[in-house]
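Note on naming: letters A, B, ... go to the chains in the order of the sequence lines (proteins, then strands), and numbering restarts at 1 for each one.
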6 protein chains.
Amino acid sequence: MTERVALYPGSFDPLTNGHLDILSRARRLADKVVVAILENDVKTPLFSIAERLEMIREIVGDDPATPVLSFQGLLVDFARATGATLLVRGLRAVSDYEYELQMALMNRRLAPGVETVFLMAKEEYSYVSSRLVKEVARLGADVHGLVPDPVLRRLIGKF
Amino acid sequence: MTERVALYPGSFDPLTNGHLDILSRARRLADKVVVAILENDVKTPLFSIAERLEMIREIVGDDPATPVLSFQGLLVDFARATGATLLVRGLRAVSDYEYELQMALMNRRLAPGVETVFLMAKEEYSYVSSRLVKEVARLGADVHGLVPDPVLRRLIGKF
Amino acid sequence: MTERVALYPGSFDPLTNGHLDILSRARRLADKVVVAILENDVKTPLFSIAERLEMIREIVGDDPATPVLSFQGLLVDFARATGATLLVRGLRAVSDYEYELQMALMNRRLAPGVETVFLMAKEEYSYVSSRLVKEVARLGADVHGLVPDPVLRRLIGKF
Amino acid sequence: MTERVALYPGSFDPLTNGHLDILSRARRLADKVVVAILENDVKTPLFSIAERLEMIREIVGDDPATPVLSFQGLLVDFARATGATLLVRGLRAVSDYEYELQMALMNRRLAPGVETVFLMAKEEYSYVSSRLVKEVARLGADVHGLVPDPVLRRLIGKF
Amino acid sequence: MTERVALYPGSFDPLTNGHLDILSRARRLADKVVVAILENDVKTPLFSIAERLEMIREIVGDDPATPVLSFQGLLVDFARATGATLLVRGLRAVSDYEYELQMALMNRRLAPGVETVFLMAKEEYSYVSSRLVKEVARLGADVHGLVPDPVLRRLIGKF
Amino acid sequence: MTERVALYPGSFDPLTNGHLDILSRARRLADKVVVAILENDVKTPLFSIAERLEMIREIVGDDPATPVLSFQGLLVDFARATGATLLVRGLRAVSDYEYELQMALMNRRLAPGVETVFLMAKEEYSYVSSRLVKEVARLGADVHGLVPDPVLRRLIGKF
């Protein structure tokens with residue numbers, strides 16, 4: 001049995017409870033799950049990379065099994081650099097699925113040894129996306145229960 | 001029997017015959033249907049909020065059963081302010097459906113007393129979106145039959 | 001304000017908590033919601049029409065606002081016979097949506113005065129279908145929480 | 001690091017190269033992948049359970065990391081019996097996806113400790129289903145390259 | 001310029017106005033369009049192959065550019081036998097599309113020289129399928145306008 | 001037999017092997033296939049119209065059966081100007097399909113004599129879009145095999 005390393009990439013601007021749910025499920029597949037923040041992915045992010053690193057580390061704690069990193073460049077290069085052989089993606093709606101499938105096929109071509117696995121978040125998070133959370137929080141809605149507390153505090157600070 | 005108020009929210013930039021068709025169907029569900037123009041929804045609108053209010057009022061007339069308003073902020077807050085218990089949305093393609101479902105679940109969480117109902121426009125309007133109408137009108141296509149006359153006149157004026 | 005009557009048609013073999021959730025939402029749209037069991041819809045039903053009528057009546061009670069009936073023939077004919085102007089359908093997955101759309105367009109053609117409205121069940125019921133419930137109950141799974149108690153008791157009796 | 005056991009359930013009537021591709025990908029997630037033939041799943045199977053067990057064993061060989069079993073009853077009960085904490089499913093088209101999602105949510109409810117993971121077969125197998133293979137083989141088409149050789153030989157024997 | 005022959009395969013049990021619309025569009029692509037009735041496709045057909053041949057010939061007339069034939073066996077073998085290099089399929093809903101795509105990929109593998117082209121029926125026929133027409137006609141609905149007159153007469157005769 | 005002219009419109013920023021595959025399939029439907037680059041379609045194109053014209057001409061050669069042109073304005077006007085009666089579009093994922101269907105219905109309304117036909121690219125190109133190719137090439141990935149050589153050389157020159 002070799003150590004299995006998974007990469008969970010995303011913008012996490014901000015991390016939602018849906019992301020957290022996927023992360024805890026990914027822990028069942030791999031001995032180590034690297035949370036990998038894509039730099040330059042969101043055009044005008046609400047939170048800086050530094051803020052996102054800080055928030056996520058506060059949430060997942062100092063567990064060596066879930067390091068939190070940010071990166072630039074090709075995802076599959078970062079996977080190789082971290083020794084990851086699994087890419088973890090959450091599935092929600094069918095429209096996600098289409099784009100995810102294209103990305104997964106492209107990544108497979110670029111790095112055949114890295115396998116993309118899809119996990120399903122709890123059905124109660126099926127509508128929770130970072131974009132929607134920001135959209136309604138900006139308009140004054142209470143998003144308690146949709147994002148972890150460290151995110152909630154900072155969201156309130158922003159708006 | 002209490003008076004039922006429905007909210008029909010949208011950008012309506014501009015209102016199409018598909019929107020008008022949904023509006024007339026919504027009249028069967030509710031005693032009053034408030035047409036609610038979302039301010040700030042379209043980034044660079046073709047018509048100003050004032051122009052859209054004027055056009056839609058010209059089209060639906062002075063009927064107290066279909067007031068036309070614009071609003072800012074959370075949709076569900078506006079629903080509460082107007083006493084609406086129904087949110088009306090038109091369904092066209094599957095891709096609409098996905099996003100609509102997410103919005104509806106989010107709105108249900110924010111305001112459990114407000115129910116989203118989906119209606120289907122006539123099949124001949126299945127391809128008529130404000131975006132597509134603007135796109136082809138800009139390039140000189142005749143969009144007669146796709147938008148009401150007051151919109152058609154103003155579209156011609158713009159291009 | 002005229003009395004609004006809605007028809008909620010289905011096989012209900014058996015009624016699930018998802019159905020019950022849609023029914024209570026439909027109550028917000030109409031003054032009366034007729035639960036209409038389609039005879040001859042399921043080829044080899046688990047419960048007879050008589051059993052289904054009995055179960056559903058036990059569940060919804062003797063409320064004149066939610067009569068429970070069964071019928072044969074065209075749905076739109078039954079809508080006319082009961083004075084219903086609304087057809088209520090629950091939406092779950094995209095594949096449902098496709099078939100529902102076809103049926104709704106056909107029904108609109110057959111009876112333009114009857115409007116189909118789509119409602120969304122709670123997300124926690126998104127995977128609860130009569131078929132799946134029967135499938136897993138038959139194999140010994142506990143379906144407590146997925147169907148109302150009167151259904152649960154009878155399901156246990158069957159298997 | 002504990003031993004991770006995955007279950008790959010299916011009818012496999014017959015096993016296709018698409019199944020084989022998913023199986024080899026599942027090997028990257030788990031130390032042991034149990035191929036689990038569902039008895040009673042296909043109404044009128046082409047191959048008996050005994051024939052399917054024999055064929056698949058011939059294909060995957062005597063590797064203790066990929067035992068081949070058949071079972072009756074609830075999938076999640078079989079997962080528990082074999083110590084599996086992962087359920088592996090292949091994804092192809094959107095229509096698959098819908099049904100798979102419902103099954104996965106139902107299985108999660110019945111056994112929260114068993115996680116469903118979705119893997120994507122090679123794009124060249126995106127159209128290869130057991131049903132389609134049987135359909136065209138029955139009509140005399142050459143299905144070489146779509147199924148492993150031990151399956152091909154037996155398919156030719158059947159028709 | 002060589003003569004282009006297209007094959008339009010289907011069960012046509014019975015032919016609908018949607019099929020007829022696709023057929024007339026296919027005429028723009030090819031010099032000859034063979035209407036090809038699949039024998040044995042529908043398990044319990046309403047109309048026999050002889051009745052379907054007769055009805056469709058009555059509808060399309062004696063035009064050598066649209067011969068009407070029935071066939072057994074592999075579609076691509078029949079394409080080769082008739083010299084067809086195009087397979088014509090109508091697209092309606094997304095669920096159609098999935099299955100059609102799988103079939104088209106399989107047919108491409110079996111006969112790379114035969115190209116599948118998808119055409120879109122008029123949007124008013126988007127809900128008209130042979131199955132649905134039979135279903136509602138059986139229950140007494142008027143399907144005038146959904147099927148050609150020769151079909152309408154025979155449908156009335158059947159029920 | 002009249003000469004059939006097809007139009008294959010797109011941004012082609014840049015042309016991929018998927019586009020090339022569709023182009024060669026379109027040749028089976030029409031005597032002449034005009035490759036039509038939409039000016040102003042991509043907001044910030046990577047390649048200028050002049051570069052795209054040059055690249056595609058280098059790839060398809062000087063064949064009078066596949067002229068390469070660019071155009072502004074309505075697609076259907078350009079179709080009329082070139083005598084084209086067929087519009088060719090490639091189909092990949094379901095999400096494409098939705099948008100394509102809307103466009104096709106709009107174009108049919110604007111020019112009933114111009115028929116849209118959908119073709120399927122090889123399954124191995126199902127994930128190859130201009131956008132994705134640019135995205136990963138920008139990050140340093142090798143896109144050899146996804147785009148023709150003249151495109152590959154220029155992509156390398158850009159990044």
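Using a 4.5 Å cut-off between heavy atoms, Leu74(E) touches chain D through backbone and side chain atoms alike.
How far CD1 of Ile59(D) is from CE of Met55(D): 7.0 Å, rounded to the nearest 0.5 Å.
The shortest side-chain heavy-atom distance between Ser11(D) and Ser130(D) does not fall under the 4.5 Å cut-off. Side-chain contact check for Arg108(E) versus Glu115(E): some heavy-atom pair is nearer than 4.5 Å. Using a 4.5 Å heavy-atom cutoff, the side chains of Asn107(E) and Val114(E) are not in contact. In this structure, the side chains of Glu58(E) and Arg153(E) come closer than 4.5 Å at one or more pairs of heavy atoms.
Contacts between residues 16-27 of chain D and chain E, counted as heavy-atom pairs separated by less than 4.5 Å, involve no residue at all.
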Can you list, pair by pair, the side-chain donor-acceptor contacts under 3.5 Å of residues 139-152 of chain E, counting residues two or more places apart and other chains?
unit_1: Asp142(E); atom_1: OD1; unit_2: His144(E); atom_2: N; d: 3.0

